Enquirer: 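Shown below is the structure under consideration.
In listed order, ligands and their atoms are each counted from 1. Remember, it's a predicted structure, so these values are computed and weren't measured experimentally.
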Amino acid sequence: MSGEGQCIVVGCGGAGCNTVARLRSISDMPALTINADSVSGCDIVMAPEDVRGCRGDADLGWALASDFVDEISRRIADFPAVVVTAGLGGGTGTGAAPIVAECAASNGSRVVAAVSVPMGFEASRRRKALSALPRISETADRTVVLDIGMIPDMDSLLRADEAVRAADELLCESIMRISDIMHGPLLSTMPDRFYTMAFGEDRDPAKAAIKALSAPMCSADQAGRTVVHVDRQLQDDERADMVEAICGRTNHYPEVFCGRGRGETAGVMLFIPILAHEVF
Ligand SMILES: Nc1nc2c(ncn2[C@@H]2O[C@H](COP(=O)(O)OP(=O)(O)OP(=O)(O)O)[C@@H](O)[C@H]2O)c(=O)[nH]1
Ligand SMILES: [Mg+2]
């Protein structure tokens, strides 16, 4: 896999591999999957046959991944930008994601972690996820956290698998958009270390932005320095209306990036800074 000038996404553990599988079905972004599940069909299997994951043991996930540092480093070495994704709270992804971030950083690549934190009813997994975040964020240049418990319409979602699917979709959206921004001035555009994300879709980008701003993970009064990624180019008047809609609710002028167009509607993703103490 040659990665000159490109970004690679590395999915760790069951959730990370599922997110990458979805990403592979909708984009040609280079990707690598790592799991400790011998039947998962991932690119790097860190376990002998007949082993089905680390059963929630993040220390085991970390120890297994430590044995694969050379292989992981080699596979991502050509990529100047790396997005590491995992559902925190299990064993494999929680243990391996920080190792991947460390491999990428020591290769001199820019690193963004895009991770999810389990819902409140997965209480012990949620605690484990939150306690694992500092290790990843110490190494990653930026960390984007999706709190699955804050996904819009969660109250009306009866099944956990639907919440997980919604999380996958949001993570995929955010990873594609982060990879767009990573080629530009990422660190000055996103000066805070931690972000969350909110997504809205509409033919009218201003309305899409308002939908995103009403998502529960977006508290508009804290949404200073919001980064806005729109998945198609905007006309000048559309851009002005969207910026006005965002300024009207946040009192801040957003950074706006436009990506490659995908259809008639405008998908608008906001990256919203969050404070570390709100996460940990
Ligand atoms: N986005 C997403 N999140 C998931 C998915 N499956 C599980 N999760 C979330 O991710 C957390 C970790 O689950 P897994 O990724 O299955 O765990 P793992 O890293 O494989 O760890 P072990 O199986 O214990 O070795 C769960 O607590 C869920 O909150 C998925 O398919 N997509
Ligand atoms: Mg697993």
Enquirer: Could you tell me which residues satisfy side chain to side chain contact (heavy atoms under 4.5 Å, CB included) with V45, sequence neighbours excluded, listed by chain and number?
Expert: S38, C42
Enquirer: With side chains defined as the heavy atoms from C-beta onward, is the minimum distance between I178 and H229 less than 4.5 Å?
Expert: no
Enquirer: What pairs of donor and acceptor atoms, side-chain ones from residues 87-102 against any protein atom, are under 3.5 angstrom apart with sequence neighbours left out?
Expert:
{"residue": "T94", "atom": "OG1", "partner": "G89", "partner atom": "N", "Å": "2.9"}
{"residue": "T94", "atom": "OG1", "partner": "G90", "partner atom": "N", "Å": "3.4"}
{"residue": "T94", "atom": "OG1", "partner": "G90", "partner atom": "O", "Å": "2.9"}
{"residue": "E102", "atom": "OE1", "partner": "R135", "partner atom": "NH2", "Å": "3.4"}
{"residue": "E102", "atom": "OE2", "partner": "R135", "partner atom": "NH2", "Å": "3.0"}

Enquirer: Out of curiosity, does V164 fall in the hydrophobic cluster containing F199 (side-chain heavy atoms, cut-off under 4.5 Å, transitive links)?
Expert: no
Enquirer: When you pair each N or O of ligand 1 with protein N or O atoms, which pairs come out under 3.5 Å?
Expert:
{"residue": "ligand 1", "atom": "1 (N)", "partner": "D168", "partner atom": "OD1", "Å": "2.8"}
{"residue": "ligand 1", "atom": "13 (O)", "partner": "R125", "partner atom": "NH1", "Å": "3.4"}
{"residue": "ligand 1", "atom": "15 (O)", "partner": "G14", "partner atom": "N", "Å": "3.4"}
{"residue": "ligand 1", "atom": "15 (O)", "partner": "A15", "partner atom": "N", "Å": "2.7"}
{"residue": "ligand 1", "atom": "19 (O)", "partner": "G93", "partner atom": "N", "Å": "2.7"}
{"residue": "ligand 1", "atom": "20 (O)", "partner": "G14", "partner atom": "N", "Å": "2.8"}
{"residue": "ligand 1", "atom": "21 (O)", "partner": "G91", "partner atom": "N", "Å": "2.9"}
{"residue": "ligand 1", "atom": "21 (O)", "partner": "T92", "partner atom": "N", "Å": "3.1"}
{"residue": "ligand 1", "atom": "24 (O)", "partner": "R55", "partner atom": "N", "Å": "3.4"}
{"residue": "ligand 1", "atom": "24 (O)", "partner": "G56", "partner atom": "N", "Å": "2.6"}
{"residue": "ligand 1", "atom": "24 (O)", "partner": "G91", "partner atom": "N", "Å": "2.9"}
{"residue": "ligand 1", "atom": "25 (O)", "partner": "C54", "partner atom": "N", "Å": "2.7"}
{"residue": "ligand 1", "atom": "25 (O)", "partner": "T92", "partner atom": "N", "Å": "3.1"}
{"residue": "ligand 1", "atom": "25 (O)", "partner": "T92", "partner atom": "OG1", "Å": "2.5"}
{"residue": "ligand 1", "atom": "27 (O)", "partner": "E122", "partner atom": "OE1", "Å": "3.4"}
{"residue": "ligand 1", "atom": "27 (O)", "partner": "E122", "partner atom": "OE2", "Å": "3.1"}
{"residue": "ligand 1", "atom": "27 (O)", "partner": "R125", "partner atom": "NH1", "Å": "2.7"}
{"residue": "ligand 1", "atom": "29 (O)", "partner": "E122", "partner atom": "OE1", "Å": "3.0"}
{"residue": "ligand 1", "atom": "31 (O)", "partner": "N18", "partner atom": "ND2", "Å": "2.6"}
{"residue": "ligand 1", "atom": "32 (N)", "partner": "D168", "partner atom": "OD1", "Å": "2.8"}
{"residue": "ligand 1", "atom": "32 (N)", "partner": "D168", "partner atom": "OD2", "Å": "3.4"}

Enquirer: Please identify each residue that fulfils side chain to side chain contact (heavy atoms under 4.5 Å, CB included) with S131, with sequence neighbours left out.
Expert: none
Enquirer: Salt-bridged, E201 to K211, with N to O below 4.0 Å?
Expert: no
